[in-house]
Amino acid sequence: MRILVLGGDGYLGWPTALRLSWHGHDVGVVDNFARRGYDLEMGVDSLVPIAPLPRRIRRWREVSGSAIDAFVGDLTDPVFCSSVIERFEPEAVVHFAEQRSAPYSMIDRAHAVYTQTNNVMGNLNLLYAIAEHDPSIHLVKLGTMGEYGTPNIDIEEGFIEITHKGRTDVLPFPKQPGSFYHLSKVHDSHNIAFACRIWGLRATDLNQGVVYGQETDETGLDPELATRFDYDGVFGTVLNRFCVQAVSGHPLTVYGKGGQTRGMLDIRDTLACVELALLHPAAEGEYRVFNQFTESFSVLEMAQLVAEVYPGTCRIEHVADNPRVEKEEHYYNAAHSKLLDLGLVPHLLEEPTIKGLLTVAERYRDRVEPHAISPTVQWRRTASALPSHPGVELAEHHDR
Ligand code: NAD
Ligand code: USQ
């Protein structure tokens with residue numbers, strides 16, 4: 001299959017491109033290096049060093065004998081977006097290319113506007129490019145479990161049957177996202193569903209949970225094939241952060257009570273889920289939603305797991321003043337059977353996986369910037385919370 005991976009220089013896009021190439025697909029990657037730019041803005045870097053995209057691609061050709069085409073440009077540029085679809089002629093597009101940090105989107109007005117502009121506009125340009133060049137292209141779009149929020153009822157996979165005043169319909173599951181970033185994904189989902197309905201596009205919206213892990217079969221073949229590993233207070237995701245905190249002697253930062261429960265998955269399962277969606281495409285005109293996670297844990301449970309597995313001293317600290325506005329204790333039961341039905345065999349969060357993550361963190365411990373660990377972005381807009389982040393002034397003036 002000819003597959004274009006948008007965001008193919010990122011944490012998940014790069015290893016996905018390698019996996020698909022390893023499995024014999026013709027792969028192209030698209031990226032504008034925005035993610036590398038956020039590192040410069042934040043004054044941090046991936047814990048695991050990552051090679052520039054051209055070098056990664058060269059190394060992959062040497063290691064695997066397979067070529068990956070690269071297209072450098074911005075999806076918010078409609079001309080670029082359209083020309084990439086026209087030139088590569090993909091049968092499927094995997095769309096990872098968005099600003100994906102909730103805290104980054106909550107820094108201030110400029111970062112919220114940037115996040116929603118980048119994500120919603122890029123996705124909309126892509127829908128037009130597909131509709132205009134080849135509506136049979138299967139769009140596999142990365143959404144997020146955070147679109148649903150934490151309602152006090154079971155979460156279904158995209159849709160819920162509702163009976164209201166004696167009439168029944170199957171409708172999109174209600175969305176209660178918790179950041180301007182998560183909201184951008186809700187807007188994307190609506191736009192994709194609409195494009196499927198009016199233009200007959202085919203799309204799979206993968207509502208993915210929080211990803212952990214860093215190594216995959218293919219990235220492990222050579223250090224220059226490594227994918228990034230974020231641990232900082234803005235881009236680091238919770239379990240990856242806890243492992244880096246453990247090896248650097250920092251208390252594990254559980255925000256508030258720690259009863260926040262999230263769907264989680266191993267990075268290797270991200271690759272498997274995306275490939276399963278590609279191999280079993282949506283039908284013409286179909287907009288379908290898969291909840292892409294394998295297990296649920298509360299934040300405190302994850303901290304306890306890391307503390308139990310880490311061989312040294314490890315302290316859990318409840319950050320009393322949770323920087324986010326979120327429920328710290330809540331009901332959580334989300335369906336996630338569709339990918340299992342397609343054959344997903346999950347990697348579960350067991351001791352060897354946590355040990356593997358701790359080993360990666362230990363290997364690069366000298367690169368940890370202690371100043372980057374604590375959370376810096378406040379969800380609340382109070383006078384005392386401003387200015388919340390060193391990036392604020394620059395971004396306010398330039399509007400990115
Ligand atoms: P990432 O930031 O590492 O990768 C995204 C890539 O897209 C980056 O390389 C960035 O430069 C590129 N990009 C961003 N905007 C672009 C644009 N306008 N044009 C071209 N390229 C652009 O993020 P990730 O962790 O790999 O996440 C990938 C996707 O998966 C995102 O859409 C994210 O919302 C979703 N997701 C991630 C997680 C997670 O835990 N990492 C969980 C659920 C969903
Ligand atoms: N948390 C802590 N301590 C920390 C970091 C986070 O307690 O040091 C808590 C947060 O308050 C939150 C939970 O852990 O309740 C998850 O936070 P996170 O930063 O790991 O994840 P989140 O902000 O939700 O975003 C990440 C990815 C995003 C993706 C999302 C999937 O960055 O791209 O969409 O996970 S989901 O959470 O299912 O929406």
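Order of appearance sets the numbers: ligands from 1, and atoms from 1 within every ligand.
- Closest protein heavy atom to atom 31 (C) of ligand 2: Thr144 OG1, 3.2 Å.
- Summary of contacts: the protein heavy atom closest to atom 23 (O) of ligand 1 is Arg100 CG, 3.3 Å.
- Using 4.0 Å as the threshold, Gln208 has a heavy atom nearer than that to some atom of ligand 2.
- Atoms of ligand 1 lying under 4.0 Å from at least one heavy atom of Tyr181, given by number and element, are 33 (C), 34 (O).
- Shown in contact with Gly146 at under 4.0 Å from a heavy atom are these atoms of ligand 2, numbered in order with element: 36 (S), 38 (O), 39 (O).
- The shortest N or O to N or O distance between Tyr114 and ligand 1 is not below 3.5 Å.
- A salt bridge between Asp9 and Arg35 is absent, with no side-chain N of the basic residue lying under 4.0 Å from a carboxylate O of the acidic one.
- In terms of modelled atom types and a separation under 3.5 Å, the side chain of Arg262 and the main chain of Gly209 share no donor-acceptor contact.
- For Arg56 (side chain) and Ile50 (main-chain N/O), no donor-acceptor pair under 3.5 Å exists by modelled atom type.
- Distance from atom 19 (O) of ligand 2 to its nearest protein heavy atom, with residue and atom name: Arg324 NH2, 2.9 Å.
- Side-chain contact check for Leu357 versus Phe229: some heavy-atom pair is nearer than 4.5 Å.
- Residue contacts with ligand 1: Thr76 is placed with no nitrogen or oxygen under 3.5 Å of a nitrogen or oxygen of the ligand (distance criterion only).
- The closest protein non-hydrogen atom to atom 3 (N) of ligand 2 is Thr253 O, 2.6 Å.
- No heavy atom of Phe235 sits closer than 4.0 Å to any atom of ligand 2.
- Residue-level proximity to ligand 2 for Arg262 is carried by the side chain, the only part with a heavy atom below 4.0 angstrom.
- Checked by distance only, ligand 1 and Ala34 come closer than 3.5 Å through their nitrogen or oxygen atoms.
- Among all non-hydrogen protein atoms, the one lying nearest atom 6 (C) of ligand 2 is Tyr255 CE1, 3.6 Å.
- Here atom 35 (O) of ligand 2 lies nearest to Val210 when heavy atoms of Leu142, Val319, Val210, Leu12 are compared.
- Listed for the Asn240 side chain is a donor-acceptor partner under 3.5 Å among the backbone atoms of Gly213.
- In terms of polar-atom proximity, Leu75 is counted as a contact of ligand 1, with an N or O under 3.5 Å from an N or O of the ligand.
- No side-chain heavy atom of Leu6 sits less than 4.5 Å from a side-chain heavy atom of Phe96.
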Pair Phe173-Phe159, ring-ring contact (aromatic ring centres under 6.0 Å, His included): steps then yes or no: CA-CA 5 Å; Phe173 196 91; Phe159 302 90; 9.9 Å; no
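- Note on ligand 1: Asp31 sits in its first shell, one or more heavy atoms being nearer than 4.0 Å.
- Backbone and side-chain nitrogen or oxygen atoms of Val211 are examined, and one is located within less than 3.5 angstrom of a nitrogen or oxygen of ligand 1.
- Between Gly209 and ligand 1 there is a heavy-atom distance shorter than 4.0 Å.
- Where the criterion is an N or O separation shorter than 3.5 Å, residue side chain and backbone included, Phe96 meets it with respect to ligand 1.
- Nearest protein heavy-atom contact of atom 38 (O) of ligand 2 is Met145 CB, 3.2 Å.
- Residue Tyr38 has no nitrogen or oxygen atom sitting less than 3.5 Å from a nitrogen or oxygen atom of ligand 1, judged on distance alone.
- The shortest N or O to N or O distance between His95 and ligand 1 is not below 3.5 Å.
- With atom 20 (C) of ligand 1 as the reference point, the heavy atom nearest to it among Gly73, Ala102, Ser46, Gly7 is part of Gly73.
- Checked against a 3.5 angstrom limit, the closest N/O atoms of Arg36 and ligand 1 fall outside it.
- Residue Lys185 places a heavy atom less than 4.0 Å from ligand 1.
- On a distance-only criterion, Thr144 and ligand 1 share no N/O pair closer than 3.5 Å.
- When atom types are taken as modelled, the side chain of Lys327 and the backbone of Gly259 share no donor-acceptor pair closer than 3.5 angstrom.
- Residues Tyr331 and Pro151 fail the side-chain proximity criterion, which asks for heavy atoms closer than 4.5 Å.
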Stepwise ring-ring contact (aromatic ring centres under 6.0 Å, His included) check, Tyr104 with Tyr181: CA-CA 8 Å; Tyr104 188 88; Tyr181 152 71; over 10 Å; no
